[in-house]
Amino acid sequence: GLVYYFTGTFILSTISKSISQHFSKELLIAFIFILAGFSIKLSFVPFHMWAPDAYQSAPLPITSFIASLVKFVVIATLVKIIILGFTPIKLEIGKILIPVILITILVGNVLAIKQDNIIRMLAYSSIAHAGYAALGLITADYTGYSFTVFYMLIYMIMTIGIFSVLSFLAKYKKELLHIPNMAGLSKKFPMGSFLILIFMFSLAGIPHTAGFIAKLYLFIALIKAKYLWVALLAILFSVIGAYPYLRVLKVIYMEDQQLQLNYKYGLTFLIPSCITAFLIIIIGIYPKPWTDLISKTIFFYLTQLFYSH
């Protein structure tokens, strides 16, 4: 409503031209309201409290959908709105986002540490990952925006993969969603345990997985944009955030208990989990085609789709 009041339009390219000609603080306030709406879906602090309960209460396929595809679409839409509608104030937007993003990453990582339910742990970690993805928005640079979309693409792949394995486990023994109950899983379910290892390594940002590459690109973009201190804090928070994922692997591979688990492999488990694990390894080794695709898409938005006339 505020944007329409000051610009007289909802067309993004026209909004951008209007801001260039007549910039006012009110338009920046209007964007803050837009950002608040997106923050709810992305679980930015302080709009994050719904995520753990929603993730735990919903059926796991629905949780996977909310955590992966929905967040990817939402942040891609936010990037599109900034690029096409608010380019003249992208530097101011970046500065506004710094405290929000850093607090979001810290809160998500710290709260994930004390969770014993793996779904709640992934819910809190998703808050942190949304923050990591938004680091690219701070740069106020189209390369940074590309890496934001790239990060959420990688996060979507990782989330689909880990929830495929967890859905399979919950189908046969729901108690295994409680992290301490996963002790000895590597002996009873070796293939699934190895897939969990790949996904957890990638979520933690361990080299050379896709999750590591996605974080690395964002940190490089921040440093090039002269936000070294933001990059250093984000790296520090990444170290903290690795603990919940490594704890799961410690329980699975280094602890033991008498675990009874009878299961039968099915295509609904093998196809999504194996494909996503393969993509995580391949993108971690050779990410260039994926980053090029996203960069070309953003270039298309900037040059042809809206400005060809």
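Residues Ile81 and Leu35 are members of one and the same hydrophobic cluster, defined by side-chain heavy-atom contacts under 4.5 angstrom among Ile, Leu, Val, Met, Phe, Trp and Tyr. Taking hydrophobic clusters as Ile, Leu, Val, Met, Phe, Trp and Tyr residues chained together by side-chain heavy-atom distances below 4.5 Å, Ile285 shares a cluster with Phe194. Clustering ILVMFWY residues whenever any of their side-chain heavy atoms sit less than 4.5 angstrom apart, transitively, puts Leu97 in the very cluster that holds Ile235. Leu228 and Ile138 fall into different hydrophobic clusters, where Ile, Leu, Val, Met, Phe, Trp and Tyr side chains are chained together by heavy-atom contacts under 4.5 Å. A single hydrophobic cluster is not seen to contain both Ile127 and Val100; linkage of ILVMFWY side chains at heavy-atom distances under 4.5 Å, directly or through other members, places them apart.
Of all heavy-atom pairs between Ser273 and Phe199, the closest is O-CZ, 3.5 Å. Minimum interatomic distance between Ile154 and Gly211 (heavy atoms only, all atoms of both residues): CG2-N, 3.9 Å. What you find for Tyr145 and Val79 is that their closest heavy atoms are CB-CG1, 3.8 Å. Minimum interatomic distance between Phe168 and Tyr172 (heavy atoms only, all atoms of both residues): O-CD1, 3.2 Å. Here the closest heavy-atom approach between residue Lys215 and residue Leu203 is recorded as NZ-O, 3.4 Å. Of all heavy-atom pairs spanning Gly136 and Thr148, the tightest one is CA-OG1, 3.0 Å.
For the pair Lys90 and Asp141, the salt-bridge criterion is not met [side-chain N within less than 4.0 Å of a carboxylate O].
Judged purely by atom type and a 3.5 angstrom limit, Thr63 uses its side chain to pair as donor or acceptor with the backbone of Tyr55. Judged by distance alone, the side chain of Ser202 and the main-chain N or O of Ile198 form no donor-acceptor pair under 3.5 Å. The backbone N or O of Ile240 sits nowhere less than 3.5 Å from a side-chain atom of Asn109 that would complete a donor-acceptor pair. With Ser295 contributing its side chain and Asp292 its backbone, the two residues share no donor-acceptor pair below 3.5 Å. For Thr104 (side chain) and Ala128 (main-chain N/O), no donor-acceptor pair under 3.5 Å exists by modelled atom type.
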| Stepwise side chain to side chain contact (heavy atoms under 4.5 Å, CB included) check, Tyr217 with Leu135 | CA-CA 10 Å; Tyr217 282 174; Leu135 287 171; over 6 Å; no
| said: Test side chain to side chain contact (heavy atoms under 4.5 Å, CB included) on Lys71 and Ile66; report intermediate values, then the result. | reply: CA-CA 7 Å; Lys71 284 201 171 185; Ile66 295 171; over 6 Å; no
| field | Steps toward side chain to side chain contact (heavy atoms under 4.5 Å, CB included) verdict (Leu176, Lys173) | value | CA-CA 6 Å; Leu176 289 174; Lys173 195 168 186 178; 4.0 Å; yes
| request: I would like to know whether Ser164 and Ile160 meet side chain to side chain contact (heavy atoms under 4.5 Å, CB included); could you show each step before the answer? | output: CA-CA 6 Å; Ser164 298; Ile160 292 171; 4.2 Å; yes
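The distance from atom CZ of Arg120 to atom OG of Ser57, rounded to the nearest 0.5 Å, is 8.0 Å. Rounded to the nearest 0.5 angstrom, Thr139 OG1 and Leu91 CG are separated by 9.5 Å. Atoms CZ and CZ, on Phe38 and Phe31 in that order, are 8.0 Å from each other to the nearest 0.5 Å. Taking CD1 of Ile93 as the start and CG of Leu137 as the end, the distance is 9.0 Å to the nearest 0.5 Å. Between the CG atom of Leu185 and the CG atom of Leu169 there is a distance of 5.5 Å, given to the nearest 0.5 Å. In this structure, CG on Leu153 lies 12.0 Å from CD1 on Ile75, to the nearest 0.5 angstrom.
Within 6.0 Å of CZ in Phe278 there are 12 or fewer heavy atoms belonging to other residues, nucleotides or ligands.
Between Pro272 and Phe163 there is no side-chain heavy-atom pair separated by less than 4.5 Å. Two residues are said to be in side-chain contact when any heavy atoms from C-beta on lie closer than 4.5 Å; Tyr286 and Lys288 meet this criterion. Residues Thr209 and Phe201 have side chains in contact (heavy-atom distance under 4.5 Å, counting atoms from C-beta outward). Taking 4.5 Å as the limit, some side-chain heavy atom of Ile196 sits within range of a side-chain heavy atom of Met182. Residues Ile62 and Pro59 form a side-chain contact, since some pair of their non-hydrogen atoms from C-beta on lies under 4.5 Å apart. Residues Ile89 and Glu92 form a side-chain contact, since some pair of their non-hydrogen atoms from C-beta on lies under 4.5 Å apart. In this structure, Ile19 and Thr87 have side chains that are not in contact, with every pair of non-hydrogen atoms separated by 4.5 Å or more. Counting only heavy atoms from C-beta outward, the side chains of Met152 and Val149 never approach each other to under 4.5 Å.
Remark: Lys224 pairs with no residue by the salt bridge (Lys or Arg N to Asp or Glu O under 4.0 Å) rule, at least two apart or across chains.
Here side-chain hydrogen bond (donor to acceptor under 3.5 Å, both in side chains) pairs that include residues 238-253, with residues two or more places apart or in two chains, are Asp116-Arg247, Ser125-Tyr245, His129-Tyr245, Tyr132-Ser238, Lys250-Glu255.
A cation-pi geometry, defined here as NZ or CZ lying under 6.0 Å from the six-membered ring centre and within 45° of its normal, does not hold between Lys171 and Phe269.
In this structure, Phe147 has its ring center at least 6.0 angstrom away from the ring center of Tyr151.
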